[in-house]
Structure formats: C-alpha cells, structure tokens
Amino acid sequence: MEISQKVYSNLRKVPKGKVTTYKELAKSINSKAYRYMGYLMKHNKDSINIPCYKVINSDGSIGNYSGNGGIKTKIKLLKKDGIKIKNKKIDLKKYLHKF
DNA sequence: CTCGTGACTTACG
DNA sequence: ACGTAAGCCACGA
C-alpha cells in the first residue's frame with residue numbers, strides 16, 4: 001500500500017472533535033516525512049473523504065489550508081467540531097488524537 | 001537514475 | 001519571539 005493511502009486512511013480515523021498533527025501522522029506510518037504530509041493534503045487526491053482541516057502543526061498552531069476560505073475556513077470547521085481555538089492555537093492536551 | 005517540490009520540525013543565534 | 005538553516009521523505013517528470 002502506498003504511503004499516501006496510509007496517510008489518508010489514518011486521517012479518516014481521527015474522531016470528531018479531535019485533531020492530529022503532521023508529526024503524529026508521519027509517525028503513524030512509521031515515517032519522518034513530515035513535509036510530505038502537507039504535500040499530500042495540498043494535492044488533495046481524495047479531498048472529499050479526507051478532513052485535512054484536522055491536521056495541524058506540532059505546536060498546536062493551525063498551519064495552512066488550501067480549501068475555500070483558507071485558514072479562516074479551517075478554523076471555522078474545527079470550531080464546528082467542538083474544538084476551542086485560542087489565538088490561532090489549539091489545546092493539544094485536550095484535542096490531539098494519537099494513533 | 002537525478003531533480004524539484006512541499007499545508008513540516010527541530011535547532012541555533 | 002523571530003529568522004535562518006538544515007534535516008527529512010515520497011512522488012512526479
């Protein structure tokens with residue numbers, strides 16, 4: 001199975017109300033290709049089934065987003081999932097999902 | 001095979 | 001806190 005498919009699969013496992021980081025995502029597939037995670041999201045081959053907005057930076061900041069509205073929409077979607085965002089940062093202690 | 005790319009991370013000054 | 005640099009890895013051309 002291709003790495004990209006594994007990443008997508010894992011990302012879909014993130015429960016509602018939780019988020020994950022590029023770092024954790026890479027670790028979950030036994031890889032250190034942190035940068036590639038974002039690369040995959042941007043390419044967005046399966047955007048319909050992949051909640052890329054649940055992927056954030058290791059320090060809890062939002063990171064980036066190429067969808068409609070960009071960062072703003074990403075934050076909105078996260079809030080919709082019940083996640084509290086403080087000054088563009090997410091409380092990883094509460095919302096980080098580990099694989 | 002090599003090269004460029006990327007929504008990252010860590011370390012250092 | 002901020003900018004810079006280096007490390008990292010899969011993928012397409």
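Every chain is numbered from 1, with letters handed out A, B, ... down the list of sequences.
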### Query
Members other than A:M1 in its cluster, when Ile, Leu, Val, Met, Phe, Trp, Tyr link by side-chain heavy atoms under 4.5 Å?
none
### Summary
In numerical order, the residues of residues 22-29 of chain A whose heavy atoms come under 4.0 Å of DNA chain B are A:Y22, A:K23
### Message
Which residues pass the ring-ring contact (aromatic ring centres under 6.0 Å, His included) test with A:Y8, not counting sequence neighbours?
### Response
none
### Task
Any pair with a residue in residues 67-81 of chain A that passes salt bridge (Lys or Arg N to Asp or Glu O under 4.0 Å), sequence neighbours left out, goes on the list, sorted by first then second residue, please.
A:K16-A:D81, A:K54-A:D81
### Query
Which residues in residues 92-99 of chain A have at least one heavy atom lying under 4.0 Å from any atom of DNA chain B?
none
### Query
How would you label the contact of A:M41 with the nucleic acid (heavy atoms, under 4.0 Å): base, sugar-phosphate, or nothing?
base
### ring pair (Phe, Tyr, Trp, His ring centres under 6.0 Å) contacts in which one or both residues fall within residues 41-63 of chain A, not counting sequence neighbours
A:Y39-A:H43
### Query
CD1/A:I83 to NZ/A:K18 distance, rounded to the nearest 0.5 angstrom?
9.5 Å
### Summary
Sorted by chain and number, sequence neighbours left out, side chain to side chain contact (heavy atoms under 4.5 Å, CB included) with A:K84 holds for A:Y95
### Query
Among A:N57, A:V19, A:L78, A:V55, which one satisfies side-chain contact (heavy atoms from CB on, under 4.5 Å) with A:I62?
A:L78
### Query
Using atom P of each nucleotide, how far apart are C:dC8 and B:dC12 to the nearest Å?
15 Å
### Task
Identify, with sequence neighbours excluded, every residue that meets side chain to side chain contact (heavy atoms under 4.5 Å, CB included) alongside A:T73.
A:Y65, A:L77
### Query
With A:I3, which residues qualify under side chain to side chain contact (heavy atoms under 4.5 Å, CB included), at least two apart?
A:V7, A:I29
### Summary
5' to 3', nucleotides 1-13 of chain C under a 4.0 Å protein heavy-atom cut-off (B base, S sugar-phosphate only, - none) gives ------BBSBSS-
### Query
With sequence neighbours left out, what residues match A:K93 under side chain to side chain contact (heavy atoms under 4.5 Å, CB included)?
A:D91
### Task
Rounded to the nearest angstrom, tell me the gap between atom CG in A:L78 and atom C1' in B:dA7.
13 Å
### Task
Report yes if a side-chain nitrogen or oxygen of A:N57 is closer than 4.0 Å to either non-bridging phosphate oxygen (OP1 or OP2) of B:dA7; otherwise report no.
no
### Message
Using a heavy-atom cut-off of 4.0 Å across all strands, would you classify A:S66 as base, sugar-phosphate, or nothing?
### Response
base
### Message
Once salt bridge (Lys or Arg N to Asp or Glu O under 4.0 Å) is applied, what residue pairs with a partner in residues 59-70 of chain A remain, sequence neighbours excluded?
### Response
A:D59-A:K89
